[in-house]
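Everything quoted here is computed from the prediction, not taken from an experiment. Computation of the quantities below employed the complete heavy-atom set of this structure, encompassing side-chain atoms and omitting hydrogens, waters and symmetry-equivalent molecules. Note on naming: letters A, B, ... go to the chains in the order of the sequence lines (proteins, then strands), and numbering restarts at 1 for each one.
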Protein chains: 4
Amino acid sequence: MPRVSEEHLERRKQQILDAAQVCFARKGFAVTSMQDIFAESGLSAGAVYRYFKSKNEIIAALAFEAMAGLRSLMGELVHSDPLPTPAEVVATLAERIVDQSDPVGRIRLAPQVWALAVVDEETAVFVREAVHTMRGRWEEYAERMRAQGWLPADADTPAVAAALISLLPGFILQHLIVGDLTPEMLARGVRALMPYGEPVRPNEAP
Amino acid sequence: MPRVSEEHLERRKQQILDAAQVCFARKGFAVTSMQDIFAESGLSAGAVYRYFKSKNEIIAALAFEAMAGLRSLMGELVHSDPLPTPAEVVATLAERIVDQSDPVGRIRLAPQVWALAVVDEETAVFVREAVHTMRGRWEEYAERMRAQGWLPADADTPAVAAALISLLPGFILQHLIVGDLTPEMLARGVRALMPYGEPVRPNEAP
Amino acid sequence: MPRVSEEHLERRKQQILDAAQVCFARKGFAVTSMQDIFAESGLSAGAVYRYFKSKNEIIAALAFEAMAGLRSLMGELVHSDPLPTPAEVVATLAERIVDQSDPVGRIRLAPQVWALAVVDEETAVFVREAVHTMRGRWEEYAERMRAQGWLPADADTPAVAAALISLLPGFILQHLIVGDLTPEMLARGVRALMPYGEPVRPNEAP
Amino acid sequence: MPRVSEEHLERRKQQILDAAQVCFARKGFAVTSMQDIFAESGLSAGAVYRYFKSKNEIIAALAFEAMAGLRSLMGELVHSDPLPTPAEVVATLAERIVDQSDPVGRIRLAPQVWALAVVDEETAVFVREAVHTMRGRWEEYAERMRAQGWLPADADTPAVAAALISLLPGFILQHLIVGDLTPEMLARGVRALMPYGEPVRPNEAP
DNA sequence: CATGAATGAGGCTTCATTCAT
DNA sequence: GATGAATGAAGCCTCATTCAT
């Protein structure tokens, strides 16, 4: 029978995660110290450790959130009607990504999580999970493309999904690190390469 | 053993970098300790510090090599004759990437470097540099695509380059973390989306 | 044990300074390791570093105290009534110095501080400050000497102050290093050279 | 049967001592590393270690030289004719000290040596030795003072010597650290306090 | 004789975590 | 529940010294 309300606990937890997120986005998982998180959250060491057993648990929670965020990003697009072109889908996603990449935005954690997943099996597990879910969404989309006649009847839709999904990390990195790639530009490139719905197909083989 | 040859020095430096590379690929920049590198290289602390002023300098050297490696990967492809389709280019690159992703392969460092670049300006500098060079190569390729009639005459080739290059990080991550994406599968997906050179274009707009 | 009293904190700080003082008096600033201080204080590394940011900060605090100690030594003497002779003043100061030169006495740090001040500007700053204050006191004394008729009316009292103050480092060093110079002996020498208040002046020029 | 001439060895040794002296004067014994000395001397590690068994041996050699230098400073003054007043002696010595306190001057080592002597018995040994020799010189001087009638017949000449010698460290420190005490000023102060040879004694006792 | 690469103990400091209050 | 002082292992790096060449 908890003395404090469930929501109080939840609020505290979120307060810690928010602070940690700011720190991690600023300095990365490794360089951020727990003391940084104490300071940013305004809580004491003991308080933070009441809600999270370890720094790794905070990282894991945030890594999970970051992946979940990416995953949820592409939820509804699949079912839009009429079927958006790949350029349109990509543009929409890229815009959402840009929205979340302010200095404290969740997206800034994505590259940290990927790097961690390469060397840490525990992290790899739910990155894989997130990728699989996302691929599922893209597969549905690829199937609608095929139904639309945008792909051959025998097209390998999982492969198409994998290819389309591959565009996103590249956009995120170019956006976060290089900083000069806009959603519009990406969409323009994709549209040139995959001109679905364009009045004239320019790329007929000779 | 003083007065050693220039190449001895170079060999030592490489010995250290190789050892560090193994450690970093295994545990990441942050978790790898200098002791790990001493042990892996078989050298003493003092010896390593004769060649590199700090752990950061080793990381920087390796990060640089990793980006340079990625960059050099796509050197000649641009000039192949006849012009390879995007699917072919991507397949070739993906194969090279796979070749280099064994436990000690340089590619395993790429995600670490990206993560670092997001929070460390110094690293960001040469990641940017590498991206710009790579984009240059892809732009040449995009221009050849246009010349070939695969892109509209007014196609935004820098945008096309940015879009195509975006595919690679996604492949690397899916390959390293999820492990189930092969070069062939990626190529299949790309070919379905960009069927240049196919006898019949299936995806005519209605 | 959080939320401790202000005085607890102060006590801890003093505990550390006391331990450091013992170590420094025994082995000098350079040879004393932080481990020595941890052991002597009975505190852990982390505890010590909670109160002092670095070894240098401990040295600085102690160096400051040592100089402040010397300075405060000669506070009241100046205003004694009737005016003590230089020999009396010097004897009194030397006695106090002897009192503080037991193995844990602050005076043992003075030579360390002087040595440091020669090569470290930061230390030099407050040694200078201490010297200036002390000279001020001696100048007041010199002025009373003049008023007493012990100095010519046009005597350069700052110069007299500098000369008198010069006797102290020499006494400290001879006491600490050679060990055979007592306050009485110094006073005897000074009295022979400056026989103020003696019934007969023996040193008339021919 | 040495392959190289005796004087070559001596020259090398001096070359090393000179370099070490520069380093020590600049940064102090503790902060100066052997690598600093290698660099300053232009010799290799092996070369330096051929002439000195350890860093401590270099310090000892230089500490000895520094004390010997101080000692030799006051050699001939004692026998000057006619007998110089204390103010004159002190002025002359102070001038010599100033001459040697340029950035690489031997005098800058004196405070280092004193500090070392307080904590290191080996150093203390020859500082004591130097002090004793110097006191011997000052005693001769004090005896001449007495013969001159400047001191009472029963004056404790060793005590007078100790008192006079005490003035020097104070001058050295004020000169090196505070920087505003000139030989002239010191002499003025001493003359006011010990007006030997002045036409009129102002400080007659009542 | 000289070189300078190599050693490795040990120095200073940080930081995730605990627990008495 | 909350606090924050305390812990101590471990990290990075320096440096006096050696010795193969």
Side-chain angles (χ1 to χ4, degrees), chain A residues 2-4 8-9 12 30-39 42-59, chain B residues 1-5 8-9 12 30-38 41-58, chain C residues 1-5 8-9 11-13 30-38 41-58, chain D residues 2-4 8-9 12 30-39 42-59:
Chain A
R3 228 69 69 65
V4 297
H8 171 81
L9 292 177
R12 271 274 193 271
V31 176
T32 296
S33 71
M34 288 301 286
Q35 333 280 329
D36 289 336
I37 297 176
F38 304 153
L43 293 173
S44 67
V48 170
Y49 272 87
R50 171 163 296 281
Y51 297 96
F52 293 94
K53 275 213 301 288
S54 69
K55 181 180 177 182
N56 272 343
E57 203 173 289
I58 297 180
I59 291 176
Chain B
M1 65 199 70
R3 182 128 302 171
V4 298
S5 62
H8 170 86
L9 265 49
R12 271 275 187 273
V31 176
T32 296
S33 72
M34 288 304 286
Q35 295 297 333
D36 291 337
I37 296 176
F38 304 153
S41 67
L43 292 172
S44 67
V48 169
Y49 275 90
R50 167 170 290 277
Y51 295 93
F52 294 94
K53 276 210 301 285
S54 67
K55 181 180 178 182
N56 271 345
E57 202 172 291
I58 298 181
Chain C
M1 64 199 70
R3 181 128 304 170
V4 297
S5 63
H8 171 84
L9 265 48
R11 215 165 23 231
R12 270 274 187 274
K13 222 167 162 167
V31 176
T32 296
S33 73
M34 287 305 286
Q35 295 297 334
D36 291 336
I37 296 176
F38 304 153
S41 68
L43 292 172
S44 67
V48 170
Y49 273 89
R50 166 169 291 278
Y51 295 92
F52 293 94
K53 277 211 300 287
S54 68
K55 182 181 178 180
N56 271 344
E57 203 172 292
I58 298 180
Chain D
R3 225 71 71 62
V4 297
H8 172 81
L9 292 176
R12 272 272 193 273
V31 175
T32 296
S33 72
M34 288 302 284
Q35 334 280 327
D36 290 335
I37 296 176
F38 304 153
L43 292 173
S44 67
V48 170
Y49 272 88
R50 170 163 298 279
Y51 296 95
F52 293 94
K53 276 213 301 287
S54 70
K55 181 179 177 182
N56 272 343
E57 204 172 289
I58 297 180
I59 291 176

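Mapping C/G42 and B/K53 onto DNA chain F via the closest heavy atom, the residue that lands nearer the 5' end is C/G42. When each of B/L9 and C/A45 is assigned the nucleotide of DNA chain E with its nearest heavy atom, B/L9 is the one assigned upstream, toward the 5' end.
When Watson-Crick and G-U wobble pairs are counted only if both distances are under 3.5 Å, E/dT14 pairs with F/dA9. When Watson-Crick and G-U wobble pairs are counted only if both distances are under 3.5 Å, F/dT17 pairs with E/dA6.
C/F38 comes within contact range of at least one nucleobase, with a heavy-atom separation under 4.0 Å. Within the nucleic acid shown, B/F52 has no heavy atom closer than 4.0 Å to any nucleic acid atom.
Separating the CG atom of D/D36 from the C1' atom of F/dT14 is a distance of 11 Å, rounded to the nearest angstrom. Atom-to-atom, CE of C/M34 to P of F/dC12 comes out at 20 Å; the value is rounded to the nearest Å. Across the protein-nucleic acid pair, D/I37 atom CD1 and E/dG4 atom P stand 18 Å apart, rounded to whole Å. What separates CG of A/N56 from P of E/dA16 is a distance of 10 Å, to the nearest Å. Between the CD1 atom of D/I58 and the P atom of F/dA16 there is a distance of 10 Å, rounded to whole Å. Between the CZ atom of D/R50 and the P atom of F/dT18 there is a distance of 13 Å, rounded to whole Å. Across the protein-nucleic acid pair, D/K55 atom NZ and F/dC15 atom P stand 8 Å apart, rounded to whole Å.
Considering only side-chain N and O atoms, B/R12 lies under 4.0 angstrom from the phosphate OP1 or OP2 of E/dA6. Here C/H8 does not reach the OP1 or OP2 of F/dG4: none of its side-chain N or O atoms lies under 4.0 Å away. Of the side-chain N and O atoms in A/S44, none sit less than 4.0 angstrom from OP1 or OP2 of F/dG4. Not one side-chain nitrogen or oxygen of A/Y49 sits closer than 4.0 Å to the OP1 or OP2 atom of F/dA2.
Contact annotation: the side chain of A/Y51 never approaches that of A/I58 to less than 4.5 Å [non-hydrogen atoms, C-beta and beyond].
Evaluation of atom-type donor-acceptor distances gives a pair under 3.5 Å for the side chain of A/Q35 against the base of E/dA16.
Taken from CE in B/M34 to OG in B/S54, the straight-line distance is 8.0 Å, to the nearest 0.5 Å. Taking CZ of C/R12 as the reference point, atom CG of C/L43 lies at 5.0 Å (rounded to 0.5 Å). The distance from atom OH of B/Y49 to atom CD of B/E57, rounded to the nearest 0.5 Å, is 10.5 Å.
The heavy-atom pair separating C/K55 from C/T32 by the smallest distance is NZ-O, 2.6 Å.
For C/S33, the side-chain atoms get nearest to E/dG11 when compared with the rest of E/dG11, F/dT7, F/dG11.
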